[in-house]
Amino acid sequence: MTRERTTKPWLILFVLGLVLIVSSMLGPMMDGIRDRSSNQIVLGDYSPAIEYVQETTEDLLKKQSVPSVVVALLDGEDVLYAQPFGYSNVEEEVPASLDTIYQMGSITKLFTAIEIMRLVENGLVDLDAPITEYLPRFSIQQLTPSDPITIRSLLAHRSGLPRNDNLVSWYWDAQPDILKAQVDSLAKSYQAYPAGQRYKYSNVGYELLGRIIEVKRGIQTPAAEAVSGWPYYMKDHMLSPMGMQDTSFGSSRLLYGKEPANSVAMGYGVYDGKSVPVNQYDIIHLASGNLWSTMNDQIRFAQMILNPEKLEEAGILSVSSLKDMFEPQYVRERDPQPNGLGWFTESELLGEQIVIHTGIGQGFQTVMMLMPKQKLGFIAMSNSYAFEEFQIPMAIRTLELMLEAKTGVAITEKEELEAIELDSSILEKYTGKYVIRNEMIEIISDGGRLEAVYQDRKVKMAPIADNKFYLTSWLADVEDITLEFWIDDLEEEDLMIITMGDYFTCPRYPEIEELPAHWTKFEGNYEIYAQTPSVHSDQDLLGTAEIFLDDDVLKMSDGKMLLPIDDSLIQIVGGIFDGEIMVYDSSSGELTWQGFIFSPIDE
């Protein structure tokens with residue numbers, strides 16, 4: 001008996017340079033993977049997984065400027081392996097440990113989602129009720145009509161809300177009403193898409209959930225100097241019952257006015273191949289990104305998720321509600337990202353369901369990847385942005401080896417796909433420019449075949465359905481990268497969906513036959529300021545940006561692709577801010593977007 005596995009991802013490194021854009025999912029550490037037959041696997045022997053983790057992590061520290069990685073492998077209630085590598089603070093030569101505090105980024109959202117599900121169990125909220133039932137003053141502007149935003153759509157990132165609110169991340173001026181201030185700031189924003197239409201990751205959506213928790217639980221600020229009542233409530237009613245004593249929704253200095261008992265890691269970026277410390281501070285995103293924790297506490301949390309009866313015994317959440325959180329929501333063919341309620345889900349990579357969440361911020365990277373049915377888990381925490389492109393492939397490969405050890409079943413190659421012939425009239429309608437993250441890929445027709453062009457490099461595309469292709473070249477067929485087109489729907493935008501372990505939704509940038517005259521007025525250099533200045537910063541100027549035309553595409557110097565809707569509204573196309581709106585003030589020449597004002601520089 002065998003399980004299917006994906007094509008060796010190292011082949012992708014040879015194709016087009018597409019992997020340069022999506023390397024966060026597939027990386028060089030996957031090179032050299034060996035196929036193993038079932039008779040080579042020793043049932044219950046996890047040493048291949050442990051050896052892989054040790055060798056890979058040591059290599060990352062030596063070659064990728066990663067200061068530290070802390071890793072844990074779980075099987076049910078058993079910790080198979082838990083090991084820190086490297087320094088949590090390079091300058092002070094502090095070794096990482098299982099009790100070192102790391103910033104967890106968006107892992108925060110899992111705890112917010114669990115508390116929302118507990119409200120559902122308590123009968124205090126309904127997943128499918130409009131959020132205005134709980135936040136009646138909530139408002140956001142709309143370009144197109146939308147169904148009501150619901151708690152379910154917030155949990156599954158289908159609310160259509162922008163990624164962030166309109167306050168800078170250090171705007172503690174609003175304490176103790178931090179969550180309320182973030183929610184209220186959305187009155188200046190536009191909804192990116194109608195609710196339920198498509199996946200869009202939203203941090204501020206989880207701040208709305210945090211505010212709903214605050215309202216429905218009647219959370220009060222414990223003291224006049226407290227930043228908010230929310231972190232203390234969550235500590236007392238969720239973290240402590242789970243035994244997570246060294247975890248909090250903020251630093252010890254912020255919440256308790258004192259230094260922590262545990263060592264706190266420094267986060268690092270990478271510049272010119274060297275690790276450079278990143279400015280560390282508490283962000284106001286209490287419900288979406290300001291969790292601070294240790295590996296030992298994350299192990300406790302993951303063990304409860306893998307053994308849900310423990311979560312129920314602790315009075316946190318029932319087994320059935322946790323199972324509901326793993327169920328994919330809103331999935332349809334042109335919107336394939338499988339989100340549960342709080343968790344990302346995946347069922348194809350290893351042949352059964354995986355639940356996943358990652359976190360990023362201030363030089364930290366975290367990943368938790370679990371297999372609920374097999375009760376297997378992988379957790380990694382790092383204090384370097386350099387770890388981002390390696391964490392997912394490392395997690396997948398480790399779980400693959402663990403799954404083989406637990407089941408005695410080898411994971412084998414998929415059967416090859418068979419290319420079909422398509423009429424040129426079908427092919428032609430897919431040609432054009434598409435945006436993936438902050439990059440442009442052009443699809444062209446050449447000799448009755450489609451080709452993908454990126455940075456002047458071409459790779460052929462082999463059709464396997466009327467609207468679906470895989471990449472092929474003289475080096476190798478790369479069947480794990482598929483490009484699927486959704487074109488000519490009058491009610492929705494034209495899309496190309498790239499699938500390669502993750503899903504990348506790539507909107508088509510329209511062909512501009514005659515450049516509208518008002519586009520040129522947006523060109524120029526801008527200084528960036530906060531829409532709402534904070535007393536917690538002595539720096540008014542936050543940066544600069546340039547807007548310019550390049551091959552009939554309006555671009556910003558940070559990589560954003562811009563599409564003016566009219567002479568006052570500009571839509572961002574593609575990337576993590578896809579669909580969001582910048583507003584142009586003709587009297588001042590300023591642009592506003594999220595928490596920022598782009599003020600033109602007189603030249």
Side-chain angles (χ1 to χ4, degrees), residues 77 106-136 138 148-159 179 183 195-196 202 205-220 228-244 247-249 286-288 291 297-298 300-330 338-345 353 355-357 368 370 372-373 375:
E77 296 185 47
S106 288
I107 298 291
T108 307
K109 294 180 175 70
L110 296 176
F111 297 87
T112 301
I114 288 172
E115 180 61 18
I116 283 289
M117 294 302 290
R118 187 152 59 168
L119 285 177
V120 173
E121 285 190 341
N122 296 159
L124 295 175
V125 300
D126 184 330
L127 284 174
D128 297 309
I131 60 170
T132 48
E133 287 196 13
Y134 314 112
L135 303 175
F138 168 77
I149 296 171
T150 64
I151 289 177
R152 185 186 301 276
S153 66
L154 291 173
L155 286 169
H157 297 287
R158 293 307 197 286
S159 66
L179 292 169
V183 172
S202 175
Y206 273 71
E207 303 309 323
L208 265 76
L209 293 171
R211 177 59 178 156
I212 290 170
I213 292 168
E214 199 170 48
V215 169
K216 298 307 293 184
R217 292 297 190 198
I219 297 172
Q220 300 296 317
S228 166
W230 199 85
Y232 307 97
Y233 172 87
M234 293 293 284
K235 177 76 171 181
D236 293 342
H237 293 83
M238 180 172 293
L239 300 178
S240 292
M242 285 199 269
M244 300 176 69
T247 300
S248 58
F249 289 84
L286 296 171
S288 69
L291 191 74
D297 274 2
Q298 289 302 301
R300 293 183 183 97
F301 173 60
Q303 286 173 324
M304 284 196 163
I305 301 299
L306 293 173
N307 303 277
E309 67 281 357
K310 301 291 185 183
L311 200 66
E312 188 167 310
E313 290 170 8
I316 303 298
L317 197 68
S318 69
V319 172
S320 61
S321 288
L322 182 64
K323 184 178 179 181
D324 289 343
M325 294 182 74
F326 299 157
E327 291 298 317
Q329 308 287 317
Y330 295 98
N339 287 79
L341 300 174
W343 294 88
F344 291 86
T345 67
Q353 189 183 56
V355 296
I356 315 156
H357 217 293
M368 180 175 290
L370 310 176
K373 182 180 177 181
K375 297 185 182 295

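Only heavy atoms go into these numbers, but all of them, side chains included; no hydrogens, no water, no symmetry mates.
Other residues, nucleotides and ligands place no more than 12 heavy atoms under 6.0 Å from the CD atom of Gln220.
You'll find the side chain of Val120 stays beyond 4.5 Å of the side chain of Ser321, heavy atoms only. The shortest distance between side-chain heavy atoms of Leu155 and Lys109 does not fall below 4.5 Å. Residues Arg211 and Phe138 have side chains not in contact (no heavy-atom distance under 4.5 Å, counting atoms from C-beta outward). Side-chain contact between Ile151 and Ile131: present, with at least one pair of heavy atoms (C-beta onward) separated by less than 4.5 Å. Side-chain atoms of Arg118 and His237, non-hydrogen and from C-beta on, do get closer than 4.5 Å to each other. Residues Tyr233 and Glu214 have side chains not in contact (no heavy-atom distance under 4.5 Å, counting atoms from C-beta outward). Residues Met244 and Lys235 have side chains not in contact (no heavy-atom distance under 4.5 Å, counting atoms from C-beta outward). Inter-residue side-chain proximity for Tyr134 and Leu119 is flagged as unmet; no heavy-atom pair is nearer than 4.5 Å.
Here CE of Met325 is found 7.0 Å from CD1 of Ile305. Values are rounded to the nearest 0.5 Å. Between the CG atom in Leu110 and the CD1 atom in Ile356 there is a gap of 11.5 Å [rounded to 0.5 Å]. Here OH of Tyr330 is found 4.5 Å from OG of Ser153. Values are rounded to the nearest 0.5 Å. A distance of 7.0 Å separates NZ of Lys375 from CG of Leu306, quoted to the nearest 0.5 Å. With rounding to the nearest 0.5 angstrom, the CD atom of Glu115 is 8.0 Å from the CH2 atom of Trp230. Note that CG of Leu135 and CG of Leu179 are 10.5 Å apart. Values are rounded to the nearest 0.5 Å.
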- Starting from the C-alpha separation in whole Å, work towards a yes-or-no answer on side chain to side chain donor-acceptor pair (under 3.5 Å) for Gln329 and Arg158. CA-CA 9 Å; Gln329 308 287 317; Arg158 293 307 197 286; over 6 Å; no
- Task: List the steps and the verdict of side-chain contact (heavy atoms from CB on, under 4.5 Å) for Arg217 and Leu124.
- Result: CA-CA 9 Å; Arg217 292 297 190 198; Leu124 295 175; 3.6 Å; yes
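Annotation for Asp324 and Leu341: closest pair O-CD1, 3.9 Å, computed over non-hydrogen atoms. When all heavy atoms of Gly342 and Ala113 are compared, the pair lying nearest together is CA-CB, 3.9 Å. In terms of heavy-atom proximity, Asp297 sits nearest to Gly243 at OD1-O, 3.7 Å. Of all heavy-atom pairs spanning Leu154 and Leu209, the tightest one is CD1-CD2, 3.8 Å. Nearest heavy atom pair, residue Leu239 against residue Ser248, reads CD1-CA, 3.9 Å. Nearest heavy atom pair, residue Leu127 against residue Thr150, reads O-CB, 3.5 Å.
Although no hydrogens or angles enter the test, the distance criterion places a donor-acceptor pair under 3.5 Å between the side chain of Thr345 and the main chain of Pro338. Distance alone, capped at 3.5 Å, is enough to place a donor-acceptor pair between the Gln303 side chain and the Glu77 backbone. Within the 3.5 Å criterion, the main-chain N or O of Asp128 finds a donor-acceptor partner in the side chain of Asp126. In terms of modelled atom types and a separation under 3.5 Å, the side chain of Thr112 and the main chain of Ala287 share a donor-acceptor contact.
The ring-ring contact (aromatic ring centres under 6.0 Å, His included) with His357 is formed by just one residue from the set Phe326, Phe344, Phe111, Trp343; it is Phe344.
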